[in-house]
**Student:** 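After the C-alpha cells below, expect a handful of questions from me.
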Amino acid sequence: MTEYIPDRNVDAAAAQAASASRDLQVLYNPLKGIHYTDEIKRRSGRGKDAIQFTPIGGGMDGRSRISPEEVIQMLRRARIYIDFGPHPGMDRLPREAALAGCFVITNAEGAAQYEEDVPIPEEYKIRKFDVDRIHRLLRSCLDDESKVEDFDPYREWIGGQAKRMDGCVRDFINEIDLNRRK
C-alpha cells in the first residue's frame, strides 16, 4: 500500500497545468541531494545557455517554510522539477510536479530506481551522475516543451493510485476476515 495524491488535487492540477504561466525554469528541493544540485547549477549557470534554478521554499537558500498550496503554485509555474536526493519511498514531490505539468528528472537512488515507485521515462531517470548529460537534458526539455507529453503515462498512473490503494485495502480486509474465520 502506498500514499496517493487526493483526486481533487489530481483534477485541479490537470485543469490548471495547461494554462499555467511557466516563468520558472527548474525547481528543486533544497533539502535533498543539494551537492548534486549545486554541481548541476554550476554547470548550467554559465554561458549563453544559462539555466535558472529556483529552490522550493523561497528565500536565498530555499529553506523557508511554505504551505503545501504554495508548493503546488510554484510547481505550476515551473517547467522542470529535479530531484537528486535520496528516495526512501514513493516521493510526493515528483508526482505533484508531474501533475502540475513539469518534466521530472530524478536520479535512480532508493525507491526511484524501481519502475513500480517512479515510473518515469528512462531518459529522465539518471542512473549514473553525469553533469554534462543532465545539462543537455535540461536544455532539451526547455527547448522542446512538447516533450512534456512523455509524462502523460506517469500522470495517468498517478491518477489511478487511489483506486489501486482502495483495492489493496479491500484485499487486506478480506485477508484478515478470512484468517479470522479459520
Side-chain angles (χ1 to χ4, degrees), residues 5 13-14 16-87 90-113 117-155 157-158:
I5 308 293
Q16 291 185 359
S19 64
S21 172
R22 306 278 175 186
D23 61 333
L24 301 175
Q25 288 186 323
V26 180
L27 274 186
Y28 65 94
N29 182 343
L31 303 177
K32 285 181 64 181
I34 196 64
H35 57 287
Y36 292 119
T37 303
D38 283 345
E39 193 172 333
I40 296 165
K41 286 169 51 179
R42 275 192 295 279
R43 164 60 182 94
S44 300
R46 59 180 190 249
K48 65 177 173 46
D49 62 349
I51 297 173
Q52 298 167 340
F53 292 80
T54 304
I56 293 176
M60 290 302 291
D61 62 1
R63 295 179 191 273
S64 303
R65 299 283 269 157
I66 63 174
S67 71
E69 292 79 18
E70 291 170 309
V71 171
I72 297 295
Q73 290 304 318
M74 287 188 80
L75 290 168
R76 289 181 182 150
R77 292 175 47 207
R79 294 182 188 166
I80 302 169
Y81 171 73
I82 61 171
D83 190 334
F84 288 92
H87 297 268
M90 187 185 303
D91 290 344
R92 186 176 184 94
L93 266 174
R95 291 180 290 153
E96 288 182 338
L99 289 174
C102 297
F103 287 90
V104 176
I105 301 172
T106 71
N107 58 10
E109 291 185 20
Q113 69 184 304
D117 290 325
V118 184
I120 64 174
E122 193 62 31
E123 71 182 278
Y124 301 98
K125 195 178 286 192
I126 308 302
R127 297 202 176 274
K128 182 177 184 239
F129 187 78
D130 176 342
V131 71
D132 289 324
R133 177 176 171 242
I134 295 166
H135 170 77
R136 287 190 303 273
L137 180 58
L138 291 171
R139 179 54 49 207
S140 172
C141 293
L142 292 171
D143 291 344
D144 185 1
E145 291 186 42
S146 70
K147 290 175 57 175
V148 78
E149 293 173 2
D150 292 349
F151 291 88
D152 287 349
Y154 183 42
R155 284 187 279 278
W157 178 83
I158 295 165

**Student:** Tell me, do Lys41 and Asp38 make a side-chain contact under 4.5 Å, heavy atoms counted?
**Tutor:** yes
**Student:** When rounded to the nearest 0.5 angstrom, what is the spacing between CG in Asn107 and CZ in Phe129?
**Tutor:** 9.5 Å
**Student:** Taking all heavy atoms of Glu149 and all of Pro153, pick out the closest pair and write down the distance.
**Tutor:** O-CD, 4.1 Å
**Student:** Grab the two heavy atoms, one from Val148 and one from Gly101, that are nearest each other, plus how far apart they are.
**Tutor:** CG2-O, 3.3 Å
**Student:** Are any non-hydrogen side-chain atoms of Tyr81 and Ile56 less than 4.5 angstrom apart?
**Tutor:** yes
**Student:** Roughly how far apart are Ile34 CD1 and Tyr28 OH, rounded to 0.5 Å?
**Tutor:** 5.0 Å
**Student:** Please examine the side chains of Ile126 and Leu137, heavy atoms only from C-beta on, and report whether any two atoms are closer than 4.5 Å.
**Tutor:** yes
**Student:** Donor-acceptor pair, Arg22 side chain versus Arg76 backbone, under 3.5 Å?
**Tutor:** yes
**Student:** Sequence neighbours left out, what passes side-chain hydrogen bond (donor to acceptor under 3.5 Å, both in side chains) with Arg127? Give chain and number order.
**Tutor:** Glu122
**Student:** Checking Phe53 now: which residues fulfil ring-ring contact (aromatic ring centres under 6.0 Å, His included) with it, not counting sequence neighbours?
**Tutor:** none
**Student:** How close do Tyr154 and Val118 get, heavy atom to heavy atom, and via which atoms?
**Tutor:** OH-CG1, 4.4 Å
**Student:** Got a second to check how far Asn29's CG is from Ile82's CD1, nearest 0.5 Å?
**Tutor:** 10.0 Å
**Student:** Between His135 and Val131, is any pair of side-chain heavy atoms under 4.5 Å apart?
**Tutor:** no
**Student:** What's the spacing between Lys147 NZ and Tyr124 OH if we round to 0.5 Å?
**Tutor:** 4.0 Å
**Student:** Tell me the closest heavy-atom pair linking Pro86 and Gly33, and the distance in Å.
**Tutor:** CD-N, 4.4 Å
**Student:** Rounded at 0.5 Å granularity, tell me how far CG in Asp83 sits from CG in Leu27.
**Tutor:** 11.5 Å
**Student:** Begin with the C-alpha distance, continue with both residues' side-chain angles, and end with the deciding distance and a verdict on side chain to side chain contact (heavy atoms under 4.5 Å, CB included) for Asp91 and Lys32.
**Tutor:** CA-CA 12 Å; Asp91 290 344; Lys32 285 181 64 181; 2.8 Å; yes
**Student:** I'd like to know if the side chain of Lys125 and the backbone of Ala112 have a donor-acceptor N/O pair within less than 3.5 Å.
**Tutor:** yes
**Student:** Please confirm whether the backbone N or O of Gln52 pairs with a side-chain atom of Gln25, one donor and one acceptor, at under 3.5 Å?
**Tutor:** yes
**Student:** Start with the C-alpha distance between Arg77 and Thr54, add both sets of side-chain angles, then the distance that settles side chain to side chain contact (heavy atoms under 4.5 Å, CB included), and finish with yes or no.
**Tutor:** CA-CA 11 Å; Arg77 292 175 47 207; Thr54 304; over 6 Å; no
**Student:** List the residues meeting side-chain hydrogen bond (donor to acceptor under 3.5 Å, both in side chains) with Tyr36, not counting sequence neighbours, and say none if there are none.
**Tutor:** none
**Student:** A side-chain contact here means heavy atoms from C-beta on lying under 4.5 Å apart; do Ser44 and Arg139 qualify?
**Tutor:** no
**Student:** If you define the side chain from C-beta out and look only at heavy atoms, does anything of Ile66 sit under 4.5 Å from Met74?
**Tutor:** yes
**Student:** Leu93 and side-chain contact (heavy atoms from CB on, under 4.5 Å): which single residue from Val71, Thr106, Val104 fits?
**Tutor:** Val71
**Student:** Nearest 0.5 Å please: distance from the CG atom of Leu99 over to the CZ atom of Phe151.
**Tutor:** 12.0 Å
